[in-house]
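Here's the structure we're looking at; comments come further down.
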4 protein chains.
Amino acid sequence: MEPKPSGRRELTKAQNRETILAAARQVFAQLGLAGATVRDVIRATPLASGTFYNYFKSKEEVYQALRDEVALRLRPRLREARAGADSAETFLAQSFRAFFQFVAENHQPSAEPERLRMDSPEVLAGFAELKQDIEEAQARGVLPPADAASLTAALVGVAFELAERIKAGADVEEMTLFATQLFLGGMNALSKA
Amino acid sequence: MEPKPSGRRELTKAQNRETILAAARQVFAQLGLAGATVRDVIRATPLASGTFYNYFKSKEEVYQALRDEVALRLRPRLREARAGADSAETFLAQSFRAFFQFVAENHQPSAEPERLRMDSPEVLAGFAELKQDIEEAQARGVLPPADAASLTAALVGVAFELAERIKAGADVEEMTLFATQLFLGGMNALSKA
Amino acid sequence: MEPKPSGRRELTKAQNRETILAAARQVFAQLGLAGATVRDVIRATPLASGTFYNYFKSKEEVYQALRDEVALRLRPRLREARAGADSAETFLAQSFRAFFQFVAENHQPSAEPERLRMDSPEVLAGFAELKQDIEEAQARGVLPPADAASLTAALVGVAFELAERIKAGADVEEMTLFATQLFLGGMNALSKA
Amino acid sequence: MEPKPSGRRELTKAQNRETILAAARQVFAQLGLAGATVRDVIRATPLASGTFYNYFKSKEEVYQALRDEVALRLRPRLREARAGADSAETFLAQSFRAFFQFVAENHQPSAEPERLRMDSPEVLAGFAELKQDIEEAQARGVLPPADAASLTAALVGVAFELAERIKAGADVEEMTLFATQLFLGGMNALSKA
DNA sequence: TATGAATGAGGCTTCATTCAT
DNA sequence: AATGAATGAAGCCTCATTCAT
């Protein structure tokens with residue numbers, strides 16, 4: 001009498017997971033991770049409270065999934081941006097542009113300026129990847145030599161901080177140009193020291 | 001509802017406030033702002049629960065006091081560092097060194113790498129001050145011209161990100177040198193563009 | 001934060017609501033509304049503290065539910081009592097008797113002689129109904145003319161005050177007779193004035 | 001070196017007590033006895049919290065003092081009203097008029113329609129006094145015979161209930177006339193039964 | 001006496017989580 | 001798998017009251 005559990009069920013499962021993630025995205029943006037509760041997330045959903053636990057063990061797990069999702073969407077774009085780089089300038093400019101564009105597309109005005117925490121496996125992997133790409137580029141002579149770890153940190157720092165200006169309305173190209181020239185000149189100076 | 005005989009009267013008001021702040025510093029470091037509760041803070045204190053509310057209205061208020069306190073100790077050191085600068089190199093080197101030294105002295109190992117939120121009035125004022133000093137240094141010819149807002153953001157981003165390396169054990173002088181040269185070369189390039 | 005295995009599932013929702021109301025009735029009678037706390041009510045129940053909030057938002061809401069419940073049981077009896085009245089005497093006697101009987105049946109010895117507050121919608125509706133019935137009875141000539149609002153107030157005042165004597169052990173019939181004659185004679189006098 | 005504790009001190013003491021009572025009157029009117037706290041009363045005062053306990057042991061004690069104060073001001077007026085009564089009509093009319101006038105003068109618009117509780121010694125004494133006066137008046141032939149206890153209850157009930165109408169703006173003389181005639185006719189009927 | 005900070009019991013409520021349906 | 005009522009630990013905070021000054 002029951003219809004056979006076709007693809008319909010699978011779809012529902014995936015949909016429920018997405019429903020929860022979407023609600024969490026919104027709730028975290030409004031309330032911050034600290035302020036949000038599992039209840040808040042559930043309430044922003046047509047689902048029942050128990051259903052949440054079929055998909056996630058805790059608020060933190062959802063948060064983590066959200067961060068990974070971001071990294072998952074961002075990393076390929078960054079990798080691609082760096083892939084075709086045959087000069088320091090293209091390496092930098094394409095990387096910054098890709099990041100700033102992503103920020104511009106995805107940022108949602110949030111009551112909580114909660115800075116993205118960057119300790120999830122996916123995000124850390126993205127950083128490691130960047131460091132590795134820098135080292136390779138240095139080896140290929142595309143980037144001048146300099147301590148890769150510090151350089152990675154500096155790039156990340158500048159990127160995140162200028163991203164705040166993007167969120168506040170600054171122009172993507174302008175920020176890209178600024179960051180690119182800063183690092184072009186800076187790396188040049190570092191390699192001569 | 002009956003108070004106990006006490007004896008806690010030996011502690012002055014200011015001392016109690018300090019006691020709470022110290023406990024909060026430790027608790028937030030261990031649990032993070034999100035994870036910590038007012039109860040946790042009180043428990044890390046010899047005081048009674050009600051006493052907390054004689055000094056702070058909420059966890060957030062303590063947190064804010066803590067951030068302001070940091071800014072209050074850091075700002076004079078940064079101002080002083082920049083005050084005597086008669087060249088771009090000294091401006092940058094002394095600023096970075098002061099900041100990195102402060103981080104090295106004050107950082108406590110924390111389970112939560114929770115990045116300092118930078119939206120407290122004191123911290124924001126520190127940023128505004130930096131931007132203004134940069135503009136003045138540019139006017140005096142000490143720093144080459146470039147968009148001061150973006151430059152401030154970039155300096156802050158690099159400083160905070162390299163500070164993480166300091167916390168992880170990196171050398172203050174090394175980081176100072178790296179950052180200084182990065183920006184010396186970078187600003188030079190920017191001013192020529 | 002771990003719920004215990006339960007077993008409480010045998011009680012239906014409606015039963016739980018009744019359980020809380022019954023406990024509240026008892027607790028309010030003993031401690032008075034002012035003195036009672038939500039905790040007291042919960043403690044007089046086999047339920048968990050959180051369960052209370054599945055049914056009522058506050059102590060006041062329970063109190064209100066209790067008052068309405070009383071009015072809900074009393075009003076039909078009073079209406080019925082007045083319905084068949086074809087003379088002033090039956091109108092009054094049956095009304096007072098119904099009320100005094102209700103009080104005698106339902107009163108529980110209470111530490112707090114807290115007078116029933118009469119501002120709940122249900123109770124007010126009961127008063128309005130009485131006033132209307134009085135006006136109709138006056139129109140039909142069953143009751144002599146007199147200011148209906150004042151008359152209602154007077155009837156209510158006498159009924160409530162004599163109810164105290166009932167609670168203290170006075171006889172229902174005796175009080176009914178007293179009140180009936182008082183108003184028979186009184187209304188007569190008023191209609192002549 | 002200290003000025004001798006003249007009458008100044010006595011004045012202050014009495015003033016403080018009055019200050020607290022006045023604050024309590026207001027606070028109870030706004031918040032109701034149940035809702036008001038000692039803190040609320042203190043806050044409505046320029047005094048320190050500890051000072052409260054030099055004058056009263058608890059919120060209830062203040063409340064009781066307030067009720068007694070009312071009874072203390074009302075009783076003499078009622079006694080006087082009845083003193084000169086040489087007929088049932090004057091006995092009733094002067095009593096009701098005195099009471100309604102007192103209500104009209106003293107009532108303050110209150111968020112809480114909290115009915116005056118009538119179990120304080122002072123208030124009960126007032127009732128006993130009334131009952132006694134009624135019995136005396138019956139003995140003198142001024143009032144017709146009827147069960148004095150029930151009659152007292154009925155008078156009180158009507159008086160309090162019509163007082164609500166006074167608070168709502170009804171006219172003192174009108175209510176006095178209504179109540180007087182009701183009881184004149186009513187007692188007459190009762191004495192004949 | 002007056003003050004007001006300290007106390008800690010205990011009020012109110014929400015929370016994460018389970019589990020019978 | 002989905003539901004949602006029940007649970008009770010534990011959060012938040014206010015309260016009455018004391019007592020050193």
Side-chain angles (χ1 to χ4, degrees), chain A residues 5 8-10 12-13 16 36-43 45-60, chain B residues 1-13 15-17 36-43 45-59, chain C residues 1-13 15-17 36-43 45-59, chain D residues 2 5 9-10 12-13 16 36-43 45-60:
Chain A
R8 171 76 176 73
R9 195 50 161 282
E10 295 307 305
T12 298
K13 260 186 79 172
N16 277 349
T37 68
V38 171
R39 268 163 103 86
D40 292 326
V41 174
I42 292 168
R43 275 199 281 256
T45 259
L47 302 171
S49 56
T51 304
F52 178 91
Y53 293 92
N54 290 339
Y55 296 95
F56 300 98
K57 269 214 276 290
S58 67
K59 174 176 76 170
E60 275 69 26
Chain B
M1 292 224 168
E2 306 277 311
K4 90 147 189 269
S6 177
R8 184 125 302 288
R9 215 47 70 87
E10 71 260 18
L11 258 46
T12 72
K13 254 190 101 173
Q15 276 175 325
N16 277 345
R17 194 170 193 278
T37 67
V38 171
R39 250 166 120 89
D40 291 326
V41 174
I42 292 165
R43 276 200 280 257
T45 257
L47 302 171
S49 59
T51 303
F52 177 90
Y53 295 94
N54 289 343
Y55 295 95
F56 301 98
K57 267 211 278 289
S58 67
K59 179 175 73 168
Chain C
M1 293 221 172
E2 307 276 311
K4 90 146 187 267
S6 176
R8 184 126 303 290
R9 212 48 70 84
E10 69 260 17
L11 257 49
T12 73
K13 256 190 99 171
Q15 275 176 327
N16 277 345
R17 194 170 193 279
T37 67
V38 171
R39 250 166 121 88
D40 292 327
V41 174
I42 292 166
R43 275 200 282 257
T45 259
L47 302 172
S49 58
T51 303
F52 177 90
Y53 294 95
N54 288 343
Y55 296 94
F56 301 97
K57 270 212 277 291
S58 67
K59 179 174 73 168
Chain D
E2 294 281 310
R9 193 53 161 279
E10 295 307 305
T12 298
K13 260 186 78 168
N16 277 349
T37 68
V38 171
R39 270 164 99 89
D40 292 327
V41 173
I42 292 168
R43 274 200 282 259
T45 259
L47 303 171
S49 56
T51 304
F52 177 91
Y53 294 92
N54 290 339
Y55 296 94
F56 301 96
K57 269 215 275 290
S58 67
K59 175 176 75 170
E60 275 70 26

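Basis for what follows: all heavy atoms, side chains included, without hydrogens, waters or symmetry-related copies. Naming convention: chains lettered A, B, ... in sequence-line order (proteins, then strands); numbering from 1 in each chain. Given the structure is predicted, the values throughout are model-derived calculations rather than measurements.
Within the 4.0 angstrom heavy-atom criterion, only backbone atoms of the sugar-phosphate kind lie near B/Tyr55; the bases stay farther away. When heavy atoms are screened at a 4.0 angstrom cut-off, C/Thr37 is found touching the sugar-phosphate backbone but no base atom. At a threshold of 4.0 angstrom between heavy atoms, the contacts of C/Arg17 with the nucleic acid are absent. B/Lys59 comes within 4.0 angstrom of no nucleic acid atom, judged by non-hydrogen atoms across all strands.
In this entry the distance linking CD1 of B/Ile42 with P of F/dC13 reads 9 Å, nearest Å. At whole-Å resolution of the value, CG in D/Asp40 and P in F/dC15 are 6 Å apart. The nearest whole Å value for the distance from the CZ atom in C/Phe52 to the P atom in E/dC15 is 17 Å. Taking atom CZ on D/Phe56 and atom P on E/dT1, their separation rounds to 14 Å, with Å as the unit. For D/Tyr53 and F/dT17, the OH to P distance is 4 Å, given to the nearest whole Å.
Between B/Ser49 and the phosphate of E/dG8, there is no side-chain N or O to OP1/OP2 separation shorter than 4.0 Å. Residue B/Asn54 has no polar side-chain atom (N or O) positioned under 4.0 Å from OP1 or OP2 of E/dG4. Phosphate proximity of F/dA6 to C/Asn16: present, with a side-chain N or O under 4.0 Å from OP1 or OP2. An OP1 or OP2 oxygen of E/dT14 is reached within less than 4.0 angstrom by no side-chain nitrogen or oxygen of A/Arg43.
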List, one per line, each side-chain donor-acceptor pair under 3.5 Å for residues 52-59 of chain D, sequence neighbours excluded.
from	atom 1	to	atom 2	distance (Å)
D/Tyr55	OH	D/Asn16	ND2	3.3
D/Ser58	OG	D/Glu60	N	3.3
D/Ser58	OG	D/Glu61	N	3.3
D/Lys59	NZ	D/Leu33	O	3.1
D/Lys59	NZ	D/Ala36	O	3.0

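Each of D/Arg39 and D/Thr51 was matched to the nucleotide of DNA chain F holding its nearest heavy atom; the match closer to the 5' end belongs to D/Arg39. Position along DNA chain F of the nearest nucleotide to C/Gly50 versus B/Lys57 favours C/Gly50 as the more 5'-ward residue.
A distance of 13.0 Å separates CZ of B/Arg17 from CG of B/Leu47, quoted to the nearest 0.5 Å.
In DNA chain F, consecutive stretches of 3 or more Watson-Crick or G-U wobble pairs with both distances under 3.5 Å are given as paired ranges: E:2-21 with F:2-21.
D/Arg43 pairs by the salt bridge (charged side-chain N to carboxylate O under 4.0 Å, His left out) definition with D/Asp40, not counting sequence neighbours. Partners of A/Ser49 by side chain to side chain contact (heavy atoms under 4.5 Å, CB included), not counting sequence neighbours, listed by chain and number: A/Ile42.
Of the candidates E/dG8, F/dT17, E/dT14, E/dG8 carries the atom nearest the B/Ala48 side chain, counting heavy atoms from C-beta on.
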